[in-house]
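Below, all heavy atoms of this structure are taken into account, side chains as well, without hydrogens, waters or symmetry copies. Keep in mind it's a predicted model, so treat the numbers as computed, not measured.
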Amino acid sequence: MVLGEISETIKQFAGAGAALAHVDIGTFFADIDALTLAWLPQSIVAVLAPGGLAASGLPLEHPMLEPLPLPSGVNHGHCYLYRRV
């Protein structure tokens with residue numbers, strides 16, 4: 001178990017080469033989520049191995065993250081899938 005503020009604790013996992021990252025930390029408050037999106041995409045890229053997948057409750061815009069189609073029945077805008085290139 002890792003305890004602490006995720007914007008800080010995620011840094012210790014940079015280079016981990018993770019196959020999957022699940023980051024459902026959106027709040028639906030635009031101002032709070034904007035602060036999270038200032039650091040989250042690059043942190044996820046740093047944690048994932050090439051070809052690794054990320055499932056997120058927030059849209060992760062980063063040149064190293066390729067958006068993937070969602071499975072049928074999943075509400076668009078509530079879940080996002082990415083592959084690290």
Side-chain angles (χ1 to χ4, degrees):
M1 178 179 354
V2 178
L3 299 175
E5 174 58 42
I6 188 172
S7 63
E8 293 300 318
T9 59
I10 196 170
K11 294 174 185 176
Q12 67 186 318
F13 297 99
L20 174 67
H22 178 244
V23 287
D24 190 11
I25 59 173
T27 66
F28 295 105
F29 292 99
D31 54 340
I32 295 171
D33 289 345
L35 294 173
T36 300
L37 289 170
W39 58 265
L40 184 61
Q42 61 265 24
S43 295
I44 294 303
V45 167
V47 168
L48 286 175
L53 302 176
S56 175
L58 293 172
L60 303 177
E61 294 184 17
H62 191 282
M64 297 295 293
L65 293 173
E66 172 190 17
L68 298 174
L70 295 175
S72 63
V74 174
N75 291 334
H76 293 271
H78 294 280
C79 183
Y80 303 87
L81 296 176
Y82 299 92
R83 177 179 292 120
R84 184 182 183 278
V85 294

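Hydrophobic clustering, with ILVMFWY side chains joined whenever heavy atoms are under 4.5 angstrom apart, keeps Val23 apart from Leu68. Put simply, Leu70 and Leu60 are part of two different groups of oily side chains (I, L, V, M, F, W, Y) that touch within less than 4.5 Å, one to the next. Follow the hydrophobic side-chain contacts under 4.5 Å out from Tyr80 and you never reach Leu53; the two are in separate clusters. In the hydrophobic cluster analysis, where Ile, Leu, Val, Met, Phe, Trp and Tyr join through side-chain heavy atoms closer than 4.5 angstrom, Leu81 is grouped together with Leu20.
The shortest non-hydrogen separation linking Ala49 to Gly17 is CB-O, 3.4 Å. Here the closest heavy-atom approach between residue Pro63 and residue Val85 is recorded as O-CG2, 3.8 Å. The two atoms that bring Pro50 and Arg84 nearest to each other are CG-NH1, 3.2 Å, heavy atoms only. The heavy-atom pair separating Val74 from Cys79 by the smallest distance is CG1-CB, 3.9 Å.
Side-chain N or O atoms of Arg83 include none that pairs as donor or acceptor with a backbone N or O of Glu66 at under 3.5 Å. A donor-acceptor pair under 3.5 Å is formed between the side chain of Gln42 and the backbone N or O of Ala38. At distances below 3.5 Å, not a single donor-acceptor pair connects side-chain atoms of Asp33 with backbone N or O atoms of Gly26.
Rounding to the nearest 0.5 Å gives a distance of 10.0 Å between OG1 of Thr36 and CG of Asp31. Rounded to the nearest 0.5 angstrom, Leu58 CG and Ile44 CD1 are separated by 10.5 Å. With values rounded to the nearest 0.5 angstrom, Trp39 atom CH2 is found 9.0 Å from Glu8 atom CD. Note that CD1 of Ile6 is 8.0 Å distant from OG of Ser43, once rounded to the nearest 0.5 Å.
When side chains are defined from C-beta on, Leu40 counts as touching Ile25, because their heavy atoms get closer than 4.5 Å. A heavy-atom distance below 4.5 Å is not found between the side chains of Ser7 and Leu35.
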Could you walk me through whether Phe28 and His78 pass the side chain to side chain contact (heavy atoms under 4.5 Å, CB included) check?
CA-CA 10 Å; Phe28 295 105; His78 294 280; 3.6 Å; yes
